[in-house]
Q: 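Please read through the structure below; I'll follow up with questions.
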Amino acid sequence: MKILRVETGEVRMRLAEPYTIAYESVAEATNVLLRLVTETHVGLGCAAPDPVVTGESPASVVEVLSERVAPELTGADPLRRERLHERLAAPLADHPSARAALDMALWDLLGKSAGLPVWRLLGGHRRRIETSVTIGILPERETVESARGWLERGFRCLKLKGGLDAEADAVRVRRVREAVGPDVELRFDANQGYSVEQALRFVEQVRAARIELLEQPTSQGDPDLLGSVSRGVS
């Protein structure tokens, strides 16, 4: 098997419900699709670049995939995954979502060649997993209304966004727990909005609400901050 062509393209999607996080309001998302075309199969991958999180834009991902990755992949055997990753480690060192798209596409080709879904190749034993739906930063009453609305549509796991005001965030989490009862999983994403002290205080204030996880509370620019949060809570 050989890779005959490498195709990329941006896909822009407007969100049905725009939402606000700690550092921006989001009304649409632009992903980059990657297609690895062989004689028999097409491997698909997807990059979700974010300048604040991954340091990439859709245009930069398309550029690196087209100009650096495509020449290395054309004519190569896609089943030699580790070899290809090794060759592309340097060009993709600062392009994590582009690297993810490549990894997905190579796994997709391996699964199609083997006649198995990728989750089986990776050793998975579940046929489905529970996912969360995200509620952006909203006033307390609207947050509770949104949570109830998603439960009515069948979701049993909710992720709340925050990071602008730790005290207000804690109140919103507690109010949502009161509204949805004990059997709904709650997750919280502060999107780098907290200091270590704020994150630790937030955890204490929502302990009774039993959040499943606290995502990215501190700045990615200083990983030691996250370590301090991890050491300060169970």
Side-chain angles (χ1 to χ4, degrees), residues 1-13 15 21-24 26 28-124 129 131-132 134 159 189-192 213 215-227 230:
M1 180 185 291
K2 291 185 178 181
I3 298 174
L4 305 178
R5 296 192 311 278
V6 177
E7 301 172 351
T8 61
E10 296 183 20
V11 178
R12 184 168 297 173
M13 299 163 286
L15 303 185
I21 62 177
Y23 55 81
E24 64 179 342
V26 182
E28 67 177 25
T30 300
N31 287 357
V32 176
L33 296 186
L34 172 65
R35 288 165 47 93
L36 304 182
V37 182
T38 73
E39 309 97 311
T40 54
H41 301 292
V42 176
L44 302 177
C46 180
D50 183 326
V52 176
V53 178
T54 72
E56 303 160 285
S57 68
S60 72
V61 170
V62 170
E63 180 180 6
V64 74
L65 290 176
S66 300
E67 298 184 6
R68 304 294 299 276
V69 173
E72 289 285 347
L73 293 185
T74 304
D77 180 355
L79 302 186
R80 301 183 68 188
R81 290 180 51 260
E82 293 304 320
R83 174 59 175 152
L84 294 176
H85 277 304
E86 189 176 281
R87 284 164 52 181
L88 289 164
L92 294 180
D94 297 323
H95 301 275
S97 71
R99 191 163 66 247
L102 171 62
D103 195 45
M104 291 178 211
L106 292 174
W107 274 109
D108 192 33
L109 280 175
L110 180 59
K112 288 172 178 174
S113 298
L116 291 171
V118 171
W119 66 269
R120 291 289 298 275
L121 294 176
L122 293 171
I129 60 173
T131 187
S132 62
T134 296
K159 182 163 79 170
D189 185 358
N191 284 116
Q192 308 181 61
L213 61 86
E215 181 179 350
Q216 201 178 34
T218 53
S219 171
Q220 68 170 351
D222 189 348
D224 288 341
L225 298 179
L226 186 58
S230 297

Q: From Ser60 OG over to Asp94 CG, what is the distance, rounded to the nearest 0.5 angstrom?
A: 10.5 Å

Q: Does Lys159 pair with Glu215 as a salt bridge, N-O distance under 4.0 Å?
A: yes

Q: Would you check, one step at a time, whether the test side-chain contact (heavy atoms from CB on, under 4.5 Å) holds for Val26 with Leu15?
A: CA-CA 8 Å; Val26 182; Leu15 303 185; 3.7 Å; yes

Q: Quick one: CG on Asn191 to CG on Asp189, what's the gap to the nearest 0.5 Å?
A: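 Separation between the atoms: 4.0 Å.
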
Q: Taking Arg99 for the side chain and Leu92 for the main chain, is one N or O donor matched with an acceptor at less than 3.5 Å?
A: yes

Q: Would you indicate whether the side-chain heavy atoms of Gln192 and Pro217 approach each other to under 4.5 Å?
A: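 No. Closest side-chain heavy atoms not under 4.5 Å.
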
Q: Side chains of Leu109 and Thr38: does their closest heavy-atom pair fall under 4.5 Å?
A: yes

Q: Decide yes or no for Leu34 and Glu7: does some side-chain heavy atom of the first lie under 4.5 Å from some side-chain heavy atom of the second?
A: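 Answer no - side chains too far apart.
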
Q: Taking the side chain as every heavy atom from C-beta outward, state whether Leu88 and Leu73 have any pair of such atoms under 4.5 Å apart.
A: yes

Q: Can you name the nearest heavy-atom pair linking Leu121 to Trp107, along with the distance?
A: CB-CZ3, 4.1 Å

Q: In the structure I gave you, are the side-chain heavy atoms of His85 and Leu102 within less than 4.5 Å of one another anywhere?
A: yes

Q: Where do Leu4 and Glu39 come nearest, in terms of heavy atoms and distance?
A: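 Minimum heavy-atom contact is CD1-N, 3.9 Å.
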
Q: Under 4.0 Å between a side-chain nitrogen and a carboxylate oxygen: does that hold for Arg81 and Asp103?
A: yes

Q: How about Ile129: does its CD1 atom have over 12 heavy atoms from other parts shown lying under 6.0 Å from it?
A: no

Q: How many angstroms lie between CD in Glu86 and CG in Leu84, if you round to the nearest 0.5 Å?
A: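 Separation between the atoms: 10.0 Å.
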
Q: Kindly compute the distance separating CD1 (Ile3) from CE (Met1), expressed to the nearest 0.5 Å.
A: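 The distance works out to 9.5 Å.
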
Q: Looking at Thr74, is its backbone amide N or carbonyl O close enough to the side chain of Lys2 to form a donor-acceptor pair, meaning the two atoms are under 3.5 Å apart?
A: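 Not confirmed, Lys2 side chain does not pair with Thr74 backbone.
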
Q: Do the side chains of Glu10 and Asn31 get nearer than 4.5 Å, heavy atoms only?
A: no

Q: With a 4.5 Å cut-off on side-chain heavy atoms, are Glu63 and Leu65 touching?
A: no

Q: Tell me whether Gln220 contacts the main-chain N or O of Val52 through its side chain, where contact means a donor paired with an acceptor under 3.5 Å.
A: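 Answer holds: yes.
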
Q: If you take all heavy atoms of Ala47 and Val61, which pair is closest and at what distance?
A: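 That closest heavy-atom pairing would be CB-CG1, 3.9 Å.
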
Q: Output, in order, the C-alpha distance, side-chain angles, deciding distance and verdict of salt bridge (Lys or Arg N to Asp or Glu O under 4.0 Å) for Arg12 and Glu28.
A: CA-CA 7 Å; Arg12 184 168 297 173; Glu28 67 177 25; 3.6 Å; yes

Q: Considering all heavy atoms of both residues, which atom of Ser66 and which atom of Thr8 are nearest to each other, and what is their separation?
A: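 In this case the closest contact between Ser66 and Thr8 is OG-OG1, 3.3 Å.
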
Q: Under a 3.5 Å threshold, yes or no: a donor from one side chain and an acceptor from the other, between Ser97 and Glu56?
A: yes

Q: Mind checking the CD-CD spacing from Glu67 to Glu72? Nearest 0.5 Å is all I need.
A: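 Answer for the CD-CD pair, Glu67 versus Glu72, is 13.5 Å.
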
Q: In Å and rounded to the nearest 0.5 Å, what is the CG to CG distance from Leu36 to Leu44?
A: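 Rounded to the nearest 0.5 Å, the CG-CG separation comes to 8.5 Å.
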
Q: Mind checking whether Ser113 and Leu79 have side chains closer than 4.5 Å, heavy atoms only?
A: yes

Q: Between Val11 and Met13, does a side-chain contact (heavy atoms from CB on, under 4.5 Å) hold up when you go through it step by step?
A: CA-CA 6 Å; Val11 178; Met13 299 163 286; 4.0 Å; yes

Q: Take atom CG of Asp77 as the centre, draw a 6.0 Å sphere, and report whether it contains more than 12 heavy atoms from other residues, nucleotides or ligands.
A: yes

